[in-house]
Amino acid sequence: MPEPALQKPLPEEEQYVELMPAEKKLIGWSLGLGIVLLAILILASRSLS
Amino acid sequence: MSSTQRFSLLKSEDWWAVWLGLFIFVLGLGKLAGMDLLGWVVKANVWTDLSKALTPVSDAYKGMPGILSLLLTYVFMLAVTTIGAATMGWNLKRFMAGFTIIFWITYACWICGNYAYIAATPDVLAKFKIPWSLSLTGEAGFIVALLVGLILANLFPGVTRFLQEAARPEWFIKTAIVILGATIGIKASESIGLAGTVLFRGFCAIVEAYLLYWPIVYFISRKYFRFTPEWAAPLASGISICGVSAAIATGAAIRSRPVVPIIVSSLVIVFAVVELVLLPWLAQGFLFNEPMVAGAWMGLAVKTDGAAAASGAITDALIRAKAMTALGIAYEKDWILMAAVTTKVFIDIFIGIWAFVLAVVWCYAIECKPGEKVSPVEIWYRFPKFVIGYVLTFVILLAIGLSSPDLVKTAKAGIAQADSLRGIFFALTFFSIGLVSDFRKLREEGMGKLALIYFLCLFGFIIWVGLFISWIFFHGIHPPVIKS
C-alpha cells in the first residue's frame with residue numbers, strides 16, 4: 001500500500017458542521033431497522049433450529 | 001476506479017484471487033480423474049526430528065525428499081503469482097525477488113511453529129516422546145510469521161520497502177478463501193444441516209453488524225469528535241464493517257478525497273493486527289465450549305479479510321486444542337474457521353449495497369450536486385469478486401458430495417492437496433500482514449484523534465457487540481466431533 005500523504009489535510013484542520021437532518025435520519029433509520037431486524041432474526045433463527 | 005479497471009478480469013487482485021484459487025482447485029480435482037496433479041506439494045509436519053518436518057502431501061510421492069517437495073512448491077507458487085503480477089502490471093523483478101524472500105522466511109516460520117514442543121496436541125505427546133507442549137497446533141507457525149513480519153516492518157523499514165511489491169495480504173487471503181470454499185463444501189456435504197445453520201446465522205449476524213455498528217460509530221465521530229461527514233463516513237465503515245475495502249468503497253461512494261480512505265485504511269491495518277494477536281487467545285480462554293460463537297466473533301470483530309480469516313484459523317486451532325485438553329472433545333478441523341469466513345464473506349458481499357445506500361444519501365441529501373446521479377451498477381463494481389470463486393468451489397464440492405457420496409473420499413484427498421497450498425497462502429498472509437503494519441504511523445501528525453476514536457469504538461463496543469451478536473446466533477451450535 002502506498003504511503004498516505006499525511007501532511008495535509010487531516011480532520012483537525014477542517015471546518016466542523018453540525019449533524020444535518022439527513023444524517024440524523026440515516027443514523028435513526030439504520031439503528032431502528034437494526035433493532036427491529038434483530039428481534040425478527042432471533043425469532044427466525046429460533047424457529048428454524 | 002476507472003471503467004477499464006472495473007470491467008477487466010485480469011487487472012485486479014480480486015479477480016486474480018479467483019483465477020489462482022480456481023486453478024489450484026481444478027488441479028486438486030484431478031484426483032477424481034485418477035490424476036495426482038498436486039501430490040508433490042509440500043506439507044509441514046509436527047516434528048522433533050527436523051529431517052521429518054517436510055513431506056509431500058500425497059503418499060504417491062513418499063519417496064520424494066521433503067526439501068525437493070518444498071522447492072517444487074516454491075517454484076509453482078512463484079510461477080502462478082508472477083503470471084498474476086505480470087498481468088496486473090506490477091514490477092516483475094521486485095515482485096519475484098520480494099516473493100522469494102517472503103516465501104522462504106514464511107516457510108521457515110511455519111516449520112518453527114510446527115516444533116513438537118510448540119505444536120503437539122495432548123493426544124500425540126507420547127508419539128513424540130515429549131512430556132509437555134504448548135498445544136498450539138501447527139498454526140503456531142502463522143503467529144511466528146506474523147511476529148517476524150511485524151519486527152521487519154517496524155525495525156527494518158528498508159527491508160520492508162524492498163519487499164513491498166510482493167507483500168499482498170489481501171491477494172493471498174482471497175486466493176486462500178477461494179480454495180477454502182472447496183474444503184468447506186465437502187465438509188458441508190457430510191453435515192448439510194449444520195452448514196445451512198451456519199450460513200443462515202452468518203447472514204443474520206452481519207445484517208446487525210451493518211445496521212448497529214455503523215450509525216453508532218458515525219454518530220460518535222460526528223457529535224463527540226467533531227469530524228466532517230467526509231471523514232466520519234469512511235471512518236465508520238472502516239471501524240465497523242470490513243476495514244480497508246469498506247473504507248475505500250465508502251470514500252468512493254461519498255466522493256471523498258482519495259487521502260481520506262487511505263489514512264483510515266492504514267489505521268484499520270494496524271488495529272487489525274492488534275485484534276489478531278489478542279482475540280483468538282481471549283476466545284480460547286472463555287469460548288472453548290462455544291466454538292462456533294468464537295468463529296463468528298472473529299468474522300464480526302476483526303477487520304480486513306486477511307486478519308479475520310487469519311484469526312479464524314488461529315481460533316480454530318486454539319479452541320480445538322483447548323477442547324481436547326479441558327473437555328476431552330476432538331472437534332473436526334475448519335468448522336470454526338468456516339463460521340469466521342462465512343460471516344466475513346457476507347460482510348464483504350454487503351459492502352457494495354451499503355456503499356450504494358451511502359452514495360444515494362450523499363448524492364441526494366448531504367452533498368447535493370446538480371445533475372449528479374447514482375447508478376445501481378455501483379453495487380456490482382463494489383462487489384468482492386473473490387466471493388464468486390468461494391461460492392463456486394463450495395457449491396461444486398457440495399454438489400459432488402451430495403450427489404455421489406462414493407466420490408467423497410477421493411474428492412477429499414484431492415482437496416486436501418489443494419488445501420496444502422491454501423495453508424501456504426494463509427501463512428504468506430500472516431507474514432505480509434506483519435510487513436504492512438507500520439505502528440509508527442500512529443505517531444504521525446494528526447493521527448492521534450483518528451486512532452483514539454478507532455480505539456474507543458473498537459474496544460469500547462464493537463468487539464463486545466460482535467460477541468453479543470455471535471452469541472445470540474451461534475450459541476449451542478457445535479462442530480462435528482471426531483468419533484475416534
Side-chain angles (χ1 to χ4, degrees), chain A, chain B residues 164 167 170 196-197 200-201 203-205 207-216 218-219 221-223 225-233 235 244 257-266 269 357-358 361-362 364-366 436 438 441 444-450 469 472-474 476-477:
Chain A
M1 178 177 295
E3 289 288 314
L6 278 182
Q7 282 75 14
K8 303 302 160 220
L10 280 164
E12 281 89 338
E13 301 162 26
E14 302 186 44
Q15 292 296 314
Y16 174 72
V17 284
E18 290 294 334
L19 271 165
M20 291 175 267
E23 292 176 279
K24 288 179 183 168
K25 263 190 192 169
L26 178 65
I27 293 167
W29 272 99
S30 177
L31 266 179
L33 193 61
I35 291 164
V36 171
L37 275 176
L38 181 62
I40 294 171
L41 291 172
I42 289 173
L43 285 174
S45 66
R46 296 252 162 99
S47 62
L48 285 174
S49 60
Chain B
Q164 202 171 28
E170 293 291 306
T197 302
F200 173 71
R201 290 174 190 235
F203 169 77
C204 293
V207 168
E208 292 314 312
Y210 275 85
L211 295 173
L212 298 179
Y213 283 167
W214 197 93
I216 296 173
Y218 186 82
F219 179 75
S221 310
R222 292 280 285 118
K223 181 83 178 173
F225 285 79
R226 304 176 74 78
F227 285 148
T228 59
E230 186 196 28
W231 280 92
L235 191 59
V244 175
R257 289 160 295 167
V259 70
V260 175
I262 288 174
I263 291 177
V264 171
S265 297
S266 64
I269 291 167
V357 169
L358 293 180
V361 172
W362 251 253
Y364 297 110
I366 293 181
V436 300
D438 187 353
K441 283 202 173 82
E444 289 182 37
E445 186 191 353
M447 290 290 271
K449 193 169 153 187
L450 284 167
I469 291 172
I472 286 177
F473 289 109
F474 284 91
I477 300 171

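All chains are named by letter (A, B, ...) in the order of the sequence lines, taking the proteins before the strands, and each is independently numbered beginning at 1.
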For this session: Output yes when a side-chain donor or acceptor of B:Arg201 lies under 3.5 Å from a complementary backbone atom of B:Phe474, and no otherwise.
Result: no

Seminar exercise, completed: Looking only at B:Cys204, B:Ala233, B:Gly196, the option with the highest number of non-hydrogen pairs under 4.5 Å against chain A is B:Cys204

Exercise. Hey, what's the ring geometry for B:Trp231 with B:Phe227, parallel, tilted or perpendicular (30° and 60° as the breaks)?
Worked result: tilted

For this session: Using non-hydrogen atoms and a 4.5 Å limit, figure out which bit of B:Phe200 sits close to chain A: side chain, backbone, both or neither.
Result: side chain

For this session: Starting at CG of A:Leu38, measure out to CG of A:Leu43 and round the result to the nearest 0.5 Å.
Result: 9.5 Å

Problem set entry | Donor-acceptor contact present, side-chain A:Ser47 to main-chain A:Ala44, <3.5 Å | yes

Seminar exercise, completed: Under 4.5 Å to a heavy atom of chain B? For A:Ile40 that would be neither

Exercise. Should we say atom CZ of B:Phe225 is surrounded by more than 12 heavy atoms from elsewhere, each under 6.0 Å from it?
Worked result: yes

Problem set entry | Under 4.5 Å from a heavy atom of chain A, the part of B:Ile216 involved | side chain

Problem set entry | Closest-packed option against chain A by number of heavy-atom pairs under 4.5 Å, given B:Leu212, B:Ile477, B:Val361, B:Leu358 | B:Leu212

